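Everything on this sheet refers to the single structure shown next.
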Amino acid sequence: MKRTHHCNQLRPEHLGQTATLCGWVHSRRDLGGVIFVDIRDREGRTQAVFDPSDLPPEVFHRAEALRAESVVRVTGSVRRRPDGTDNPKIPTGTVEVMASELEVLNLADPLPFQIDEPEAAARVNEEMRLKHRYLDLRRPEMLRNLRLRSRVAATTRTYFDEQGFLEVETPILFKSTPEGAREFLVPNRREPGTAYALPQSPQQFKQILMVAGVERYYQIARCFRDEDQRADRQLEFTQIDVEMSFIDREDLYATIEGLLQRVWKVALDRDIPTPFPRLRFADALNRFGIDKPDTRFGMELADFTEEFRSSPFKVFSGAVAAGGVVKALNAKGLACATQGQLQAMTDLATSFGAKGLAFIKVENREWKSPIVKFFGETEKAALTEKLGIEEGDLVLFAAGEWLTACEILGKIRLYAADVLKAQGKLVLDPGRFDFLWVVDFPLLSFDREQNRWYSSHHPFTAPVAEDIPMLRTDPKRVRGQHYDVVVNGVELGGGSIRIHQPDVQKTIFEEVLQIPPETAQARFGYMLEAFRYGAPPHGGIALGFDRLIAILCGTPSIRDVIAFPKTAKGTCLMTESPGLMEPKQLRELGLELKGARKD
RNA sequence: GGGGGCGUAGCUCAAUUGGUUAGAGCGCUGCCCUGUCACGGCAGAGGUUACGGGUUCGAGCCCCGCCGCUCCCGCCA
């Protein structure tokens, strides 16, 4: 080994020993006569002292010429720092290495940006950080994220191994399944005109593994989706993928709760209570206006459909007459909302199809609102009671189709919470984690444009058994055995109990989803066939691993927990990928470009 | 595909809202400094204001286009 200790190891117990440290020059303080150099490695930092009075001149000159982030190897004796010169900010701050040798392993050029000062480094443009990712990752904050990610991955493997799961790798070169997300294609040189596709998830393979008798499968799997990106979505991302045979939903909940409990303990040393609360999809929408509610704060929606059924305010009574609902929420203490904030909320509402956004400001014991003149005493009393209206509140309304009205107020609720947070009126404990399962999703949703049903989750999701007869007669009312696990308003993962009878699967494909039989055969024939030869009842889930780590690290962007992420446009600024295709490559693949090349 | 924000020295940001020679901190270079730890002091170098047009007596600032980064909508079975 080139070193005897790492840079967070030396303590007073090592006094008098000779130590050799390797690492990066974190900072250099040249006082003219004596030079202090902080050597940093991934564990921490240690101060080395270069004193010209007992050093060969060439060693001292090398120390004088050091630049930040150069890589060095320093040998010297460990000694107590003189009285009054301890550095309480670092764990090694009571000792120092009195250098006798210095080897410069790599003299660094001046850096494109400084990384020694955490606050300044965190403000550097992400473009710069991504271009020089090796420098960005040297920052202790980023190394901590990578380390946490690694530990959670190891914990996950240990946990599933203990529970009798097999880790099985599935192909990255898969085949195109045009349902769902847009895929990345990989042209096949051996037969021009054909292509592999990168998997959106190992869904079909893991179900086949159940048919194969694996019984319990997991994988920390890379997935690929060629869709537009977000702070929490990358082109390639990682899932903890799980599938189990001979289980019901409850068995799966317990398995995943056990995993998350273990992960939170290892990563944050926190005990999270289980079982997690269960919330039906319909209740999630009714109370929070979203299928992944953040339950750390209230401001729940309330229903006023009955109260406004015969209201003189036609916007409300008309919506009810058309079979819709009237919903409201109380943004506690937000009567002070600015014109701009009210406008932003209205824009949010109209972007979801609302005609406008009705509101009541409660100020100076008065209800200020363009619509309050339509309200009678009964309505006012109902509002006051159900919403707990007090001085300083802002009440917001949505009327219309149930799902739309709920979703509008769901967005408003989150917006209002952000405003209240910024004003310091709503404070969330950063150590609080509200887990819950959302269950009883509708199996199918209706696509108005294409005039057909599509799977809310995916076409392999099993209907709730007692609802199967309604598949043909009343598809809207069929519940799926689908579940999402949510924490603090973030969808951490989702899954379902799968269909394991080929006839039910065929009904879903052909009669409900209206996929022509030959198409279903071409895309999923091997699954239908496999299911004819002894398919066990099974189900599973996939957890977003990057999101999981981001939550544990307390960062809003998964780019902070991925070593080499891509930009919003899908490029890697460090390697400058994707790159242009060479004519030779195109010829081999039997491809021809239609558009003009950029160069 | 659509909407918002940003782009000025190596980095982070100013530039009195269109007016003289575009500034500061950090970094960098040189000199000084023997107990610093964001060391300190003195001096200095460093700019195609992302890029291309336009308006104007005059543009970092206004207009059009374009590139990049970012946030959101659509999209993400």
Side-chain angles (χ1 to χ4, degrees), chain A residues 26-40 45-54 60 67-69 81-90 92-93 96 98 109-132 135 177-183 200-201 203-204 223-235 237 344 347-348 350-352 411 414-415 443-445 447 449 453-461 480 482 491 494 496 508-509 513 515 523-524 542 544 556-557 559 566-569 571 573 576 598:
Chain A
H26 185 76
S27 74
R28 188 175 62 99
R29 298 172 293 279
D30 184 344
L31 275 63
V34 62
I35 299 171
F36 299 97
V37 179
D38 280 0
I39 316 295
R40 186 198 71 240
R45 14 199 269 237
T46 302
Q47 174 167 281
V49 190
F50 294 85
D51 187 337
S53 60
D54 55 17
F60 190 75
R67 276 196 294 259
E69 295 303 313
R81 291 198 188 191
D83 280 349
T85 63
D86 285 0
N87 182 357
K89 290 182 196 165
I90 55 175
T92 60
E96 61 191 7
M98 194 63 194
D109 279 352
L111 302 178
F113 59 94
Q114 287 166 257
I115 62 171
D116 58 340
E117 217 265 300
E119 281 173 30
R123 279 204 311 274
V124 171
N125 260 323
E126 199 164 6
E127 196 173 349
M128 188 64 51
R129 293 171 51 201
L130 290 175
K131 187 170 177 190
H132 304 278
L135 292 178
T177 53
E179 302 267 314
R182 189 181 298 121
E183 299 165 315
Q200 308 168 37
S201 81
Q203 181 64 33
Q204 291 165 50
C223 307
F224 306 86
R225 292 180 189 172
D226 187 8
E227 297 290 351
D228 286 347
Q229 310 193 66
R230 293 285 190 282
D232 62 350
R233 276 164 35 188
Q234 283 268 308
L235 296 180
F237 62 101
D347 292 347
L348 212 56
T350 49
S351 74
F352 267 75
K411 294 279 178 193
L414 293 177
Y415 178 86
L443 183 71
L444 301 157
S445 307
D447 183 334
E449 282 178 22
W453 295 96
Y454 63 94
S455 299
S456 305
H457 182 47
H458 61 52
F460 314 111
T461 302
H482 167 49
E491 182 191 328
S496 61
I508 298 274
F509 279 150
L513 300 178
I515 301 173
R523 286 185 200 161
F524 307 112
S557 168
R559 291 189 298 272
K566 297 198 170 37
T567 68
K569 286 231 170 93
T571 63
L573 295 178
E576 295 185 316
K598 262 195 289 185

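Side chains included, hydrogens not; waters and symmetry mates left out as well; all remaining heavy atoms used. Quick caveat: nothing in here was measured; it's all calculated off a predicted structure. Note on naming: letters A, B, ... go to the chains in the order of the sequence lines (proteins, then strands), and numbering restarts at 1 for each one.
The pairing partner recorded for B/C39 is none, the criterion being a Watson-Crick or G-U wobble arrangement whose two distances lie under 3.5 angstrom. B/A14: no Watson-Crick or G-U partner with both key distances under 3.5 Å is found in any strand. Base pairing annotation: B/G74 forms no Watson-Crick or G-U wobble pair, as no partner gives both donor-acceptor distances under 3.5 Å. Pairing partner, B/G68: B/C6, with both Watson-Crick or wobble hydrogen-bond distances short of 3.5 Å.
OP1 or OP2 of B/C69 has at least one side-chain nitrogen or oxygen of A/Thr571 nearer than 4.0 Å. Using a 4.0 Å cut-off, some side-chain N or O of A/Arg230 falls inside it from OP1 or OP2 of B/C73.
Contact check for A/Leu443 versus A/His482: no side-chain heavy atoms found under the 4.5 Å cut-off. The closest side-chain heavy-atom distance from A/Ile515 to A/Ile508 is not below 4.5 Å. Using a 4.5 Å heavy-atom threshold, the side chains of A/Leu135 and A/Pro112 count as touching. In this structure the side chain of A/Ser496 reaches within 4.5 angstrom of the side chain of A/His458, judged on heavy atoms. Looking only at side-chain heavy atoms (C-beta outward), A/Ser557 and A/Gln234 stay at 4.5 Å or farther from each other. Here the side chains of A/Arg40 and A/Glu69 are in contact, with some heavy-atom distance below 4.5 Å.
Distance A/Gln234 CD to B/U70 C1': 13 Å, rounded to the nearest Å. In this structure, A/Lys566 atom NZ and B/C69 atom P are separated by 13 Å, rounded to whole Å. Following rounding to the nearest Å, A/Glu126 (CD) and B/G7 (C1') show an atom-to-atom distance of 15 Å. In this structure, CD of A/Glu576 is placed 11 Å from P of B/C69, rounded to the nearest angstrom. Protein atom OH of A/Tyr454 is 12 Å distant from nucleotide atom C1' of B/C76, rounded to whole Å. Separating the CZ atom of A/Phe50 from the C1' atom of B/U36 is a distance of 14 Å, rounded to the nearest angstrom.
Between A/Phe460 and A/Phe524, the two ring planes are perpendicular [angle over 60°; tilted spans 30° to 60°].
With a glycosidic angle more than 90° from 0, B/U55 adopts the anti conformation.
Between A/Arg29 and A/Asp38 there is a salt bridge, since a side-chain N of the basic residue sits under 4.0 Å from a carboxylate O of the acidic one. Ion pair A/Arg559/A/Glu126 flagged as a salt bridge, since at least one NZ, NE, NH1 or NH2 atom sits closer than 4.0 Å to an Asp/Glu carboxylate oxygen.
A distance of about 46 Å separates the P atoms of B/C71 and B/C31, rounded to the whole Å. The P atoms of B/A14 and B/G52 are separated by 24 Å, rounded to the nearest whole Å. Separation of the C1' atoms belonging to B/U55 and B/U8 is 22 Å when rounded to the nearest angstrom. B/U17 and B/G60 are spaced 12 Å apart, taking the C1' atom of each and rounding to whole Å. Comparing the C1' positions of B/A50 and B/U56 gives an interatomic distance of 23 Å, to the nearest angstrom. B/C63 and B/C72 have their C1' atoms separated by 26 Å, with the value rounded to a whole Å. When the C1' atom is used for both B/G27 and B/C11, the distance is 7 Å, rounded to whole Å. Rounded to whole Å, the P atom of B/G4 lies 12 Å from the corresponding atom of B/G65.
A donor-acceptor pair is defined here as one N or O able to donate and one able to accept, closer than 3.5 Å; no such pair exists between the side chain of A/Gln200 and the backbone of A/Cys223.
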Strictly under 3.5 Å: I want the nitrogen or oxygen pairs between protein and nucleotides 37-42 of chain B, one per line.
from: B/C37; atom 1: O4'; to: A/Arg29; atom 2: NE; distance (Å): 2.9
from: B/C37; atom 1: O2; to: A/Gln47; atom 2: OE1; distance (Å): 3.4
from: B/C37; atom 1: O2; to: A/Asn87; atom 2: ND2; distance (Å): 3.0
from: B/C37; atom 1: N3; to: A/Arg81; atom 2: NH1; distance (Å): 2.7
from: B/C37; atom 1: N4; to: A/Arg81; atom 2: NH1; distance (Å): 3.3
from: B/C37; atom 1: N4; to: A/Thr85; atom 2: O; distance (Å): 2.2
from: B/C37; atom 1: N4; to: A/Asp86; atom 2: O; distance (Å): 3.4
from: B/A38; atom 1: OP1; to: A/Lys89; atom 2: NZ; distance (Å): 3.1
from: B/A38; atom 1: OP2; to: A/Lys89; atom 2: NZ; distance (Å): 2.7
from: B/C39; atom 1: N4; to: A/Asp30; atom 2: O; distance (Å): 2.4

Filtered N/O pairs between nucleotides 8-11 of chain B and protein, under 3.5 Å:
from: B/G10; atom 1: O2'; to: A/Pro112; atom 2: O; distance (Å): 2.6
from: B/C11; atom 1: O4'; to: A/Pro112; atom 2: O; distance (Å): 3.3

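We find the OG1-CG distance between A/Thr571 and A/Leu235 to be 9.5 Å, quoted to the nearest 0.5 Å.
If A/Gln200 and A/Leu573 are placed on RNA chain B by their nearest nucleotide, the residue sitting closer to the 5' end is A/Leu573. Place A/Ser53 and A/Thr567 on RNA chain B by their nearest nucleotides, and A/Ser53 ends up nearer the 5' end.
Residue A/Arg67 places its side chain closer to B/U29 than to any other of B/C76, B/C69, B/U29. Listed candidates were B/C71, B/C75, B/G68. Nearest to the side chain of A/Arg559 is B/C71.
Among the protein residues, A/Ala231 comes within range of the sugar-phosphate backbone only, with heavy atoms under 4.0 Å from sugar or phosphate atoms but none that close to a base. Among the protein residues, A/Glu96 comes within range of the nucleic acid bases, having at least one heavy atom under 4.0 Å from a base atom. As judged by a 4.0 angstrom heavy-atom cut-off over every strand, A/Arg233 is placed among the base-contacting residues.
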